[in-house]
Amino acid sequence: METSSIDEIRHAFDEALKSVEHKKDLQDLKVEYLGKKGKVTGLMKEMKNLSEEDKPVYGQKVNEVRTHIQGIIDDTLEKFENEALEAQLKAETIDVSLPGRRFQLGSPHPLSRTIEDIEDFFIGLGYRVAEGYEVETDYYNFEALNLPKSHPARDMQDTFYFSDEILLRTHTSPVQVRTMRSEKGGGPVKIICPGKVYRRDSDDATHSHQFTQIEGLVVDENIRMSDLKGTLQLFAKEIFGPDREIRLRPSYFPFTEPSVEVDISCFNCRGAGCSVCKDSGWIEILGAGMVHPNVLEMAGFDPDKFSGFAFGMGPDRVAMLKYGIEDIRNFYTNDIRFINQFKPTEDGGVHNESI
Ligand code: FA5
């Protein structure tokens with residue numbers, strides 16, 4: 001083999017190098033010349049056909065070409081890598097003079113605040129917080145509360161059914177029954193139960209198909225209606241202010257006897273009558289009564305020995321009254337502008353507290 005073909009290969013490589021633009025092109029070129037089946041490797045294989053005399057000169061020339069090509073490939077590769085690194089550093093440059101992103105201070109949802117305030121008040125009176133199930137059985141939601149299958153009062157609390165027996169609870173009252181049952185007929189029981197409830201009510205300013213309730217239940221010997229009234233009076237003053245009054249109106253719930261609706265003096269007109277309270281001076285906040293003997297009995301308590309009172313309030317309505325919120329749907333539409341109005345103040349209050 002002639003050394004001129006070695007020069008040709010060197011020349012061809014130098015020419016091909018001119019069109020190398022990317023690292024990949026360079027790698028292909030390396031394979032083409034220095035790879036196992038590459039052109040320079042091919043030159044080396046020719047050695048065996050040469051005379052002993054020609055071998056050293058030829059070998060030296062091939063080595064020079066190989067060193068030349070290898071050197072250029074290494075340098076070009078380093079150049080590509082440096083360029084890539086520089087481009088990356090440029091792209092990732094941090095402008096330390098840019099203003100930072102502000103962290104917004106969050107605030108508890110007004111409904112959560114109200115529930116916590118109510119819980120704190122009752123815990124202070126020695127109540128325990130009990131939990132129930134949002135998916136309930138027909139038995140606990142209705143039957144064990146003195147509402148048998150065909151009872152007309154079921155219409156007041158139509159709900160969403162999974163099957164004939166499984167439903168979304170319409171109130172937190174099933175927790176009364178579950179708690180009394182777990183006590184196995186021995187008192188005293190003193191619980192509140194906050195939680196979500198569901199009804200097939202049409203949504204409007206004061207009704208939602210999903211809302212919250214807080215149930216309260218006290219069962220012991222000699223529990224009287226006056227205990228219920230005293231507890232609710234204290235509650236109203238604690239949550240709404242010391243000058244607030246309550247009144248009890250006769251009502252009907254199948255699971256309490258007697259039953260009452262509890263009104264609070266209007267926060268807006270202080271009892272004089274205005275559009276908020278529909279000129280009555282009072283606003284309804286909860287239902288309550290003395291636990292019906294049938295309910296005590298079904299839950300395993302002896303109604304001749306034990307008596308109790310229960311109440312069920314809607315914290316949504318309590319929060320609306322407390323903060324002057326006109327539409328219950330504001331609680332559930334997650335408008336951050338609405339929630340931001342309830343940032344806590346340094347003294348632990350809330351910015352737009354209306355009372
Ligand atoms: C009950 O749910 C009874 N379980 C309460 C009770 C418990 C009475 C224990 C006696 C003893 P009522 O349906 O009135 O009662 O609901 C209680 C409160 O839930 C209402 O005063 C109101 O504040 C709230 N509420 C009722 N329906 C809705 C609704 N669709 N949207 C928002 N709040 C509601």
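Small disclaimer: the values here were computed from a predicted structure and weren't measured. For ligands, and for the atoms within them, numbers begin at 1 and follow the listed sequence.
- For the pair His171 and ligand 1, the shortest N or O to N or O distance falls below 3.5 Å.
- Ranking the protein heavy atoms by distance from atom 17 (C) of ligand 1 puts Gln213 NE2, 3.3 Å first.
- Not close to ligand 1: Leu217, with no non-hydrogen atom less than 4.0 angstrom away.
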Distance-only criterion, 3.5 Å: show the donor-acceptor pairs between side-chain atoms of residues 227-234 and protein atoms not counting sequence neighbours.
residue	atom	partner	partner atom	Å
Asp227	OD2	Arg224	N	2.7
Thr231	OG1	Asp227	O	2.6

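- Counting only non-hydrogen atoms, the option in Pro254, Ser259, Ala310 that gets closest to atom 11 (C) of ligand 1 is Ala310.
- The aromatic rings of His109 and Phe331 are tilted relative to each other, their planes meeting at an angle between 30° and 60°.
- Checked against a 3.5 angstrom limit, the closest N/O atoms of Thr170 and ligand 1 fall outside it.
- The shortest N/O to N/O separation between Ser173 and ligand 1 falls below 3.5 Å.
- The closest approach between Asp316 and ligand 1 stays at or above 4.0 Å for every heavy atom of the residue.
- The shell of residues lying under 4.0 angstrom from ligand 1, judged by heavy atoms, includes Phe255.
- With a 4.0 Å heavy-atom cut-off, ligand 1 is reached by the backbone of Ile285 but not by any atom from C-beta on.
- When heavy-atom distances to ligand 1 are checked against a 4.0 Å cut-off, Phe311 comes that close only through its backbone atoms N, CA, C and O.
- Note: an N/O pair closer than 3.5 Å links Glu284 and ligand 1 by distance alone.
- Closest protein heavy atom to atom 27 (N) of ligand 1: Phe211 CZ, 3.3 Å.
- In terms of protein heavy atoms, atom 30 (N) of ligand 1 is closest to Asp201 OD2, 2.7 Å.
- Side-chain atoms of Asp203 and His209 include a donor-acceptor pair closer than 3.5 Å.
- Contact annotation: Gln176 has at least one heavy atom less than 4.0 Å from an atom of ligand 1.
- Among protein heavy atoms, the minimum distance from atom 12 (P) of ligand 1 is reached at Arg199 NH2, 3.9 Å.
- For the pair Ser208 and ligand 1, the shortest N or O to N or O distance falls below 3.5 Å.
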